[in-house]
Amino acid sequence: MTEEKPKQKFTFNCTKCGKCCAERGPVPLVMDDLTLWARSNVVANMMPHLKFIKTPFGTIDLVLGRQDKDPMAFMKPKSENEAEEPVDLSCPMYNQTEKTCLVYENRPMSCRTYPLEYDGEKFMVVDVENCEGIGNGETSKEDRKAMRDLAKEMNIKLTEMRVAMPVLAQAMQPFVISQLMEAQQEYMKQMEKMSPEERAKYEEQMKAQMEGK
């Protein structure tokens, strides 16, 4: 008979090593993150780094990540002849030189729950091998409960986000199309009011802009 090993208590105290910020990859976002940024007037800082991605699990997530490469490419299987391209998995809000988060007080909920996650049935500790904070020092019973509660809340919020986005996209589609059609009609009306000379000058300006002149 094999003797069962006693279950180890989860302990975590961040050492600010920065590995999670530099190597974790895209950070999933929830509506609470967007609300927090709006209240703190930092939405404009985040906008260039917001991206929709399809995860390996088939869901569509709004994430905070790099724009130049697919942040999930490292999880996709590669063929034998396909070269492995380096992918920058660092968070765009992470200063790698100073090893600091540029928006620490407004960091996403997913960052606040790290490295503890909840999938709706059980808790998981991610990045056990890379995170220096796991197993570091002592974690009180109260702190463990707070982390578990936050991980559960993150799971609920992320599920709500994943359900809401496809519905909102479908609902917005007719509105966006109608707005584009109205803009096109207004453009045609403005063009009709122009003289041939004004129209020719306008078209030359648009062509120059298209060619980057």
Side-chain angles (χ1 to χ4, degrees), residues 12 14 16-78 84-121 123-131 133-134 147 150-173 176:
F12 173 75
C14 182
K16 301 188 185 303
C17 68
K19 289 182 178 179
C20 57
C21 302
E23 303 173 3
R24 183 181 173 193
V27 179
L29 302 175
V30 296
M31 195 60 67
D32 285 28
D33 298 324
L34 306 183
T35 302
L36 173 64
W37 296 343
R39 289 175 176 171
S40 303
N41 295 318
V42 295
V43 173
N45 298 336
M46 308 300 190
M47 287 299 293
H49 310 294
L50 298 184
K51 186 177 183 181
F52 285 105
I53 63 169
K54 185 175 183 180
T55 73
F57 314 106
T59 59
I60 303 296
D61 282 357
L62 176 65
V63 300
L64 188 64
R66 299 290 177 181
Q67 294 286 316
D68 54 342
K69 292 183 181 295
D70 178 2
M72 281 297 180
F74 74 102
M75 296 188 70
K76 297 177 181 178
K78 298 281 193 266
E84 186 77 26
E85 292 187 14
V87 179
D88 188 352
L89 300 178
S90 64
C91 175
M93 293 292 108
Y94 178 60
N95 185 320
Q96 298 192 45
T97 303
E98 301 293 333
K99 289 190 175 183
T100 55
C101 174
L102 300 177
V103 290
Y104 186 79
E105 296 301 323
N106 297 299
R107 65 193 186 282
M109 184 181 290
S110 177
C111 299
R112 297 172 188 269
T113 67
Y114 185 88
L116 192 64
E117 292 184 0
Y118 183 70
D119 65 359
E121 295 181 357
F123 291 98
M124 299 170 291
V125 181
V126 299
D127 294 346
V128 176
E129 296 180 356
N130 296 326
C131 179
I134 299 174
M147 291 186 71
L150 190 59
K152 283 186 175 181
E153 184 180 0
M154 175 63 190
N155 175 260
I156 293 172
K157 298 290 185 180
L158 187 57
T159 300
E160 291 175 347
M161 191 77 167
R162 288 171 172 171
V163 170
M165 283 196 299
V167 176
L168 291 174
Q170 289 294 325
M172 287 179 64
Q173 188 174 2
V176 173

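Residues: numbered from 1 along the sequence shown. All values below come from the heavy atoms of this structure, side chains included, with hydrogens, waters and symmetry mates left out.
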Shortest non-hydrogen contact between [X] and [Y], atoms and distance:
X	Y	value
V103	M46	CG1-CE, 3.5 Å
P48	A44	CD-O, 3.4 Å
D127	I134	O-CD1, 3.7 Å
C17	Y94	O-OH, 4.2 Å
H49	P92	ND1-CB, 3.4 Å
M161	L62	CE-CD2, 3.7 Å

- Message: Could you tell me if T55 and R162 have a donor-acceptor pair between their side chains, going purely by distance under 3.5 Å?
- Response: no
Quick check: do [X] and [Y] have side-chain heavy atoms less than 4.5 Å from each other?
X	Y	value
S110	R24	yes
E160	V163	no
V27	C111	yes
Q96	S90	yes
V43	L34	no
R107	R112	yes
Y114	P108	no
I60	I53	no

- Which residues share a ring pair (Phe, Tyr, Trp, His ring centres under 6.0 Å) with Y118, sequence neighbours left out: F123
- Would the number of heavy atoms belonging to other residues, nucleotides or ligands and lying under 6.0 Å from CE of M124 be above 12?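 Yes, because the 6.0 Å sphere around CE of M124 holds more than 12 heavy atoms from other groups.
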- Can you list every salt bridge (Lys or Arg N to Asp or Glu O under 4.0 Å) pair that touches residues 29-39, not counting sequence neighbours?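 For residues 29-39: D32-K157.
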